[in-house]
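Take a look at the structure below.
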Amino acid sequence: MRVEEISIFEAYKDKERVLKLSEKIKKLSEKIGRTVNIMEFCGGHTHAIMKYGIDQLLKGVVRFIHGPGCPVCVMPMQRIDLAIELAKRKDVIMCSYGDLLRVPGSKRKSLLNVRAEGADVRMVYSCLDTLKIAKENPDKKVIFFAIGFETTTPQTAVLIKKAKEEGIKNLFVVSNHVITPAAIQHILNAPEIREIGKVEIDAFIGPGHVSVIIGTKPYHYFAEEFQKPVVIAGFEPLNVLKAVYLILKQIYKGRAEVKNNYTRFVTYKGNLKAQNLVAELFELRKEFEWRGLGTIPYSALKIRKEYEEFDAEKVFEVELPEPKEHPACICGKVIRGVARPTDCKLFGTVCTPSNPLGSCMVSSEGACAAYYKYRRALVQ
């Protein structure tokens, strides 16, 4: 990293600026006269809030509600079971990103567990690594278990396109790519929010990385239809605090708009080249199961018919039993914002980052992992 890049990031952590902005937020809060409930959708924001103590700094001013967090957190148990069943086949090399390998399936086994039992399971840093693995192992069927929000979908699209162009016949993809706006709409339509009032959400801090791809345009619907301010933010302390300030400013003035506080990377329309590439390779699924949120219509992507030779779900037949969640795990409630990680009886006892029972503890961006890393001492 260059010196000037370090200076830029350090500037977003400047103590004097942080304290000055937090004072402005507190004064604005006094005018509003109540605690403002803000859901951060992205696990990167959750970790920034916990790491830098922003929740403590704004205690009583803002209540942060942790949303779906990351693709690993919302991955339903049955998809993990699917990955494990495919990985156990002798002619298969199963590849995926690191966090996913540790998520336990119905039988409390993860992909790492079945690797210990002899399955060929490999962690990749880039999905394009699987192309090299497929070329080096022509007698094997190499499956990439793709996962991610809009941020990583273009990379998977590139993988499939390159495989077709190069005539690779032993590479397959399980698409678990999910769509952020559909999940936000589902959360806002949930009975806990619309009818029961159990979870009060006044506004959203929009995901920064996802917005680089999709832009700010899709969020305007939520601001207009649900009257919820949305502020797109980066991941340094001043980014998050500025987002909070812009939200409180809107609430004080009775407005609900979309504000872009991540202009160094995010535009109104987003990355059109990436969007077009994804549209060429993928199409919407009619429905997809999200852990904690249930089945959400048109919330995930499947591989288009023109590329179905690479679609592992079309090529491989797998029969799966009904998924069985751990009875005491409350990851689903944490993802919906109904409960906090510390409400779980398993938190920090039998469920830890070294022995995760739920997806929110497995993922490095999960809310449970953030609480364990930064707030365990307070909890105890």
Side-chain angles (χ1 to χ4, degrees), residues 68-131 133-134 137 140-149 152-153 155-156 159-160 163 170-178 282 285 287-292 295 299-303 308 310-326 329 331-332 335 356-366:
C70 74
V72 172
C73 296
V74 299
M75 182 66 66
M77 183 75 76
Q78 197 161 38
R79 303 297 285 185
I80 302 300
D81 292 342
L82 170 62
I84 289 173
E85 285 305 309
L86 289 171
K88 286 161 67 175
R89 300 187 180 192
K90 290 183 179 178
D91 60 343
V92 163
I93 299 175
M94 175 60 73
C95 303
S96 193
Y97 299 125
D99 277 354
L100 188 101
L101 304 189
R102 301 171 61 234
V103 181
S106 292
K107 296 178 181 177
R108 311 289 177 256
K109 282 188 177 180
S110 65
L111 283 171
L112 283 184
N113 292 135
V114 296
R115 182 169 78 175
E117 294 171 355
D120 195 342
V121 176
R122 305 187 189 186
M123 182 184 77
V124 292
Y125 292 100
S126 164
C127 65
L128 293 178
D129 292 343
T130 59
L131 204 60
I133 294 171
N137 297 273
K140 295 281 189 177
K141 294 170 182 170
V142 178
I143 301 175
F144 175 59
F145 199 74
I147 179 172
F149 291 127
T152 57
T153 312
Q155 299 164 34
T156 306
L159 169 66
I160 297 171
N170 64 327
L171 178 65
F172 308 94
V173 174
V174 178
S175 173
N176 300 290
H177 288 296
V178 290
F282 292 96
R285 291 178 187 268
E287 56 184 30
F288 191 79
E289 177 87 11
W290 291 54
R291 177 176 291 215
T295 301
S299 65
L301 298 172
K302 64 178 182 179
I303 298 169
E308 66 180 7
F310 301 100
D311 189 344
E313 292 179 80
K314 293 278 180 65
V315 175
F316 299 90
E317 289 188 6
V318 181
E319 288 189 12
L320 296 172
E322 282 296 311
K324 293 181 181 177
E325 298 278 359
H326 192 293
C329 177
C331 275
I335 291 166
L357 296 182
S359 58
C360 295
M361 187 64 89
V362 172
S363 171
S364 58
E365 291 193 346

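Computed from a predicted structure; not experimentally measured.
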For the pair [X] (side chain) and [Y] (backbone), establish whether a donor and an acceptor sit closer than 3.5 Å, ignoring hydrogens and angles.
X	Y	answer
K140	K90	yes
R285	L301	yes
N170	A134	yes
R291	G332	no

Closest heavy-atom pair and its distance - [X], [Y]:
X	Y	value
G148	P71	CA-CG, 3.4 Å
V124	T130	CG1-CG2, 4.1 Å
L101	R122	CD1-C, 4.3 Å
C73	G366	SG-CA, 3.6 Å
I84	K109	CD1-O, 3.1 Å
C127	L159	O-CD1, 3.6 Å

Find the distance between [atom1] ([X]) and [atom2] ([Y]) and round it off to the nearest 0.5 Å.
X	Y	atom1	atom2	result
F282	T156	CZ	OG1	5.5 Å
F310	I303	CZ	CD1	9.0 Å
I143	I133	CD1	CD1	12.5 Å
L320	M77	CG	CE	12.5 Å
I160	D311	CD1	CG	8.0 Å

Would you indicate whether the side-chain heavy atoms of [Y] and [X] approach each other to under 4.5 Å?
X	Y	result
I80	L111	no
H326	R108	yes
L171	L131	yes

| Stepwise side chain to side chain contact (heavy atoms under 4.5 Å, CB included) check, L128 with Q155 | CA-CA 8 Å; L128 293 178; Q155 299 164 34; over 6 Å; no

| remark: Partner of C360 under side chain to side chain contact (heavy atoms under 4.5 Å, CB included), picked from I335, V72, V74, is I335

Listed pairs under 3.5 Å, donor-acceptor, residues 92-99 side chains, sequence neighbours left out:
from, atom 1, to, atom 2, distance (Å)
S96, OG, F145, O, 2.9
D99, OD2, S364, N, 2.9
D99, OD2, S364, OG, 3.1

| request: Check whether more than 12 heavy atoms from other residues, nucleotides or ligands sit under 6.0 Å from atom CD of E308, and answer yes or no. | output: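 It does: E308 CD has more than 12 such atoms within range.
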
| message | Whether R79 and E313 form a salt bridge (side-chain N of Lys/Arg under 4.0 Å from carboxylate O of Asp/Glu) is what I want to check. | response |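 Yes, charged N to carboxylate O under 4.0 Å.
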
| said: Before you tell me yes or no, could you show the steps for F288 and N176 under side chain to side chain contact (heavy atoms under 4.5 Å, CB included), namely the whole-Å CA-CA distance, both residues' side-chain angles and the distance that decides it to 0.1 Å? | reply: CA-CA 9 Å; F288 191 79; N176 300 290; 4.1 Å; yes

| task | May I have the step-by-step check of side chain to side chain contact (heavy atoms under 4.5 Å, CB included) for S106 and D81, ending in yes or no? | result | CA-CA 7 Å; S106 292; D81 292 342; 2.6 Å; yes

| message | Show, in sequence, the C-alpha distance, side-chain angles and deciding distance for V174 and F144, and conclude whether the side chain to side chain contact (heavy atoms under 4.5 Å, CB included) test is met. | response | CA-CA 6 Å; V174 178; F144 175 59; over 6 Å; no

| field | Check: D129/S126 side-chain N/O donor and acceptor closer than 3.5 Å | value | no

